[in-house]
There are 2 protein chains.
Amino acid sequence: MPDSKASNDTRERILDVAERLFMQHGYEATSMRSITGAAEVNLAAVNYHFGSKEALLREVFRRRLAWLNQQRLQALDRLEEAAGGAPLKPSQILEAFFGTLLRMGEEPSLGGMTFLRLLGRTLTEPAEFIRTFFAGEYAEVIDRYKLALFRALPDVPQAEIVWRLHFMLGAMSYAIAGTDVLQVVTGCEVGDLAGEAAAEELGDTALARRLAQRLMPFLLGGLRAPLPRFEESPITRAASAGGLPTEV
Amino acid sequence: MPDSKASNDTRERILDVAERLFMQHGYEATSMRSITGAAEVNLAAVNYHFGSKEALLREVFRRRLAWLNQQRLQALDRLEEAAGGAPLKPSQILEAFFGTLLRMGEEPSLGGMTFLRLLGRTLTEPAEFIRTFFAGEYAEVIDRYKLALFRALPDVPQAEIVWRLHFMLGAMSYAIAGTDVLQVVTGCEVGDLAGEAAAEELGDTALARRLAQRLMPFLLGGLRAPLPRFEESPITRAASAGGLPTEV
DNA sequence: CTACAATCAAAACGAACGTTTGATCCAATC
DNA sequence: GATTGGATCAAACGTTCGTTTTGATTGTAG
């Protein structure tokens, strides 16, 4: 098959450009013409190689998420094997899940911060086809990590763990998506607070490393926070209002 | 002036419908025709009353954010007056900032969960006019609360506080935006875990209350988490690597 | 040489988009 | 009762969208 090289070049160039433009402007606001124009390929090339604009977006994510979620599953496998049946530590689980992702931000060949920002912004897109796609891509990973957290925190109600997993996903997504919005919302560049050397426009890989360094303690602190008091239960609930063990 | 009633009816009906549709489908994917159609007004009414689609979105947010951020500032004023010059507790600050917002979700006349979801989803939209608009609307509030946190946590580097404020905003935004996506990502309804009575489709006000109950402890835990170890500082940093005080 | 997948330029498609126009309505003003 | 001016209306404006088609050209594998 003459599928050797030119084809892959066009395909990957389209994917790279689409990844960047979808991140910069969002899915709806990015036109096929702007993609093919920036990629210097024919307008018909997208429909030829991918079939449609929706399928293009799916493929942009699939090529990254397939690798990412496989790494996440392998990381969890290794941890559980090393633990030999004992529950993992929450910090290990978070490191495997979020660390694997954040390390992609340091590696341009894996999409770098461009893909991370795209992912963070797209996770909140309301389009139906996007959400069903993510549901399928994430189902196995989320399930495995959810169960690992259940075992790691046996005294925490499982519903609470699911809520906090959701909070952690949000903190990470938003933090990543907003790394170039932060100064807009907060009115100042992060770097120039507290006397940090700020003038340097942080490189993407440096930014990813700094983000991971800051994010992981925050997530761990939130995950291990004391349980909320159940002030008003619609139905008198079973007594599970004990505090969360602080040692982890 | 014959500005009596029909005009305000049309204006507010447009705003209400736009709020809901922008939330459900996003800004770009919501057409003027779908808005005016659902609001049962003429297609030209939006441009007549607001000038453009962009101005409509801004007005949708302005009528809610003006009230919200005024409440936030007043809440902070009251706290600081009661403290009489002493630093506030972080839990008070978070309650004033996030509690004020989350209470909007319980009050349909203030937009309810519809507005909260819209807000959470729109905060990550890349469109320039949206980001500059939010920057202006939030500037004063963010600045005031940032300073309050600086005073409340004098031993924490200010840059770290800004990062964590960003993380908290993200956890909240995403948690709100995703309250109808949660079962997609996690593969299960939150309610039916841990033996909670789940069958009932949670009403929006009940959902808002439950969300606040779960979110606040998580945010506090994250905010007060131990400081990260500075593994690799580009410039050898002043010694501020001490643990965060646990009592708040 | 032949065959076939990949790429191209160009044009067109129908549909949907945000916006504008000019007429019409109607209550308030003089 | 005529006039004014804001509110509403039907209709059309010009543009852009995603997609498809046509026909020619390339480079490589059999």
Side-chain angles (χ1 to χ4, degrees), chain A residues 1-61 63 122 125-130 133, chain B residues 1-61 63 122 125-130 133:
Chain A
M1 291 84 181
D3 190 24
S4 61
K5 183 144 168 288
S7 159
N8 278 346
D9 262 20
T10 296
R11 265 185 64 100
E12 297 241 336
R13 195 158 61 246
I14 291 175
L15 289 175
D16 289 340
V17 167
E19 186 173 66
R20 196 187 80 240
L21 292 182
F22 283 149
M23 180 273 286
Q24 288 177 333
H25 309 112
Y27 173 74
E28 298 282 354
T30 302
S31 68
M32 305 275 282
R33 285 169 176 83
S34 71
I35 294 172
T36 54
E40 296 179 301
V41 300
N42 191 271
L43 171 59
V46 170
N47 284 285
Y48 176 81
H49 283 286
F50 304 98
S52 68
K53 189 187 177 185
E54 290 193 2
L56 169 62
L57 180 71
R58 277 191 292 261
E59 188 56 32
V60 165
F61 277 103
R63 69 168 177 167
T122 311
E125 289 246 343
E128 190 60 30
F129 84 97
I130 295 179
F133 169 75
Chain B
M1 293 86 182
D3 190 22
S4 60
K5 182 143 169 288
S7 159
N8 277 345
D9 263 20
T10 296
R11 263 185 66 100
E12 296 242 336
R13 196 159 59 246
I14 290 175
L15 288 174
D16 289 339
V17 167
E19 185 173 67
R20 195 187 81 240
L21 292 183
F22 283 148
M23 180 273 287
Q24 287 177 334
H25 308 112
Y27 172 75
E28 297 283 354
T30 302
S31 69
M32 305 275 279
R33 285 167 176 82
S34 72
I35 294 172
T36 54
E40 295 178 303
V41 300
N42 190 270
L43 171 59
V46 170
N47 284 286
Y48 176 79
H49 283 285
F50 303 99
S52 69
K53 189 187 178 185
E54 291 192 2
L56 169 62
L57 180 71
R58 276 192 292 261
E59 188 56 31
V60 165
F61 278 104
R63 68 168 178 166
T122 311
E125 290 246 343
E128 189 62 30
F129 83 96
I130 296 180
F133 169 74

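Quick caveat: nothing in here was measured; it's all calculated off a predicted structure. Hydrogens, waters and symmetry mates are skipped; everything else that's a heavy atom, side chains included, is used. To find a chain, count down the sequence lines: A is the first, B the second, and so on, and within it residues start at 1.
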Separation of atom NE2 in H25(B) from atom P in dA16(C), rounded to whole Å
15 Å
Could you state the CZ-P distance from R13(B) to dA7(D), rounded to the nearest angstrom?
14 Å
How long is the span from the CD atom in E128(B) to the NE2 atom in H25(A), to the nearest 0.5 Å?
9.5 Å
Side-chain heavy atoms of R58(A) within contact of F129(A), under 4.5 Å:
yes
Qualifying residues under ring-ring contact (aromatic ring centres under 6.0 Å, His included), relative to F22(A), sequence neighbours excluded
Y27(A)
Looking at every non-hydrogen atom in both residues, tell me the closest pair between A45(B) and I14(B) and how far apart they are.
CB-CD1, 3.9 Å
Separation of dT7(C) P from E12(A) CD (nearest whole Å):
12 Å
Interatomic distance where CD1 belongs to I14(B) and C1' belongs to dA7(D) [whole Å]:
11 Å
Rounded to whole angstrom units, what separation is found between the CZ atom of F50(A) and the P atom of dA6(C)?
12 Å
Reckon E40(A) touches a base, only the sugar-phosphate, or nothing at all at heavy-atom distances under 4.0 Å?
sugar-phosphate
Please list residues of residues 41-48 of chain A whose heavy atoms come under 4.0 Å from any atom in DNA chain C, ordered by number; otherwise none.
V41(A), N42(A), Y48(A)
Which ones in residues 29-37 of chain B lie close to DNA chain C, meaning a heavy atom under 4.0 Å from one of its atoms?
T30(B), S31(B), M32(B), R33(B)
To the nearest angstrom, how far is F129(A) atom CZ from dG18(D) atom P?
12 Å
Any heavy-atom pair between the side chains of L56(A) and N47(A) that's under 4.5 Å?
no
Hey, what do you get for CD (E40(A)) to OG1 (T10(A)), rounding to the nearest 0.5 Å?
11.0 Å
Tell me, do R11(B) and E59(B) make a side-chain contact under 4.5 Å, heavy atoms counted?
yes
Tell me, please, which residues at least two apart from E19(A) pass side-chain hydrogen bond (donor to acceptor under 3.5 Å, both in side chains).
R64(A)
Value for CG (L15(B)) from CZ (R63(B)), rounded to nearest 0.5 Å, stands at 4.5 Å
Taking only side-chain nitrogens and oxygens of T10(A), does any of them come within less than 4.0 Å of OP1 or OP2 of dA6(C)?
no
Rounding to a whole Å, what distance do you find between D9(B):CG and dG6(D):C1'?
15 Å
With rounding to the nearest 0.5 Å, note down the distance linking CE in M23(B) to CZ in R20(B).
8.0 Å
Name each donor-acceptor pair under 3.5 Å that joins a side chain in residues 30-39 of chain A to protein atoms two or more places apart or in another chain, with its distance.
unit_1 : atom_1 : unit_2 : atom_2 : d
T30(A) : OG1    : L21(A) : O      : 3.2
T30(A) : OG1    : G26(A) : O      : 2.6
S31(A) : OG     : S34(A) : N      : 3.1
S31(A) : OG     : S34(A) : OG     : 3.4
S34(A) : OG     : S31(A) : N      : 3.4
S34(A) : OG     : S31(A) : O      : 2.8
T36(A) : OG1    : M32(A) : O      : 2.9
T36(A) : OG1    : R33(A) : O      : 3.4

Is the phosphate of dT8(D) approached by H49(B) (side-chain N or O, under 4.0 Å from OP1 or OP2)?
yes
Work out how much the helix from dC1(C)-dG30(D) to dC30(C)-dG1(D) bends between its end axes, five pairs an end, to the nearest 10 degrees.
10°
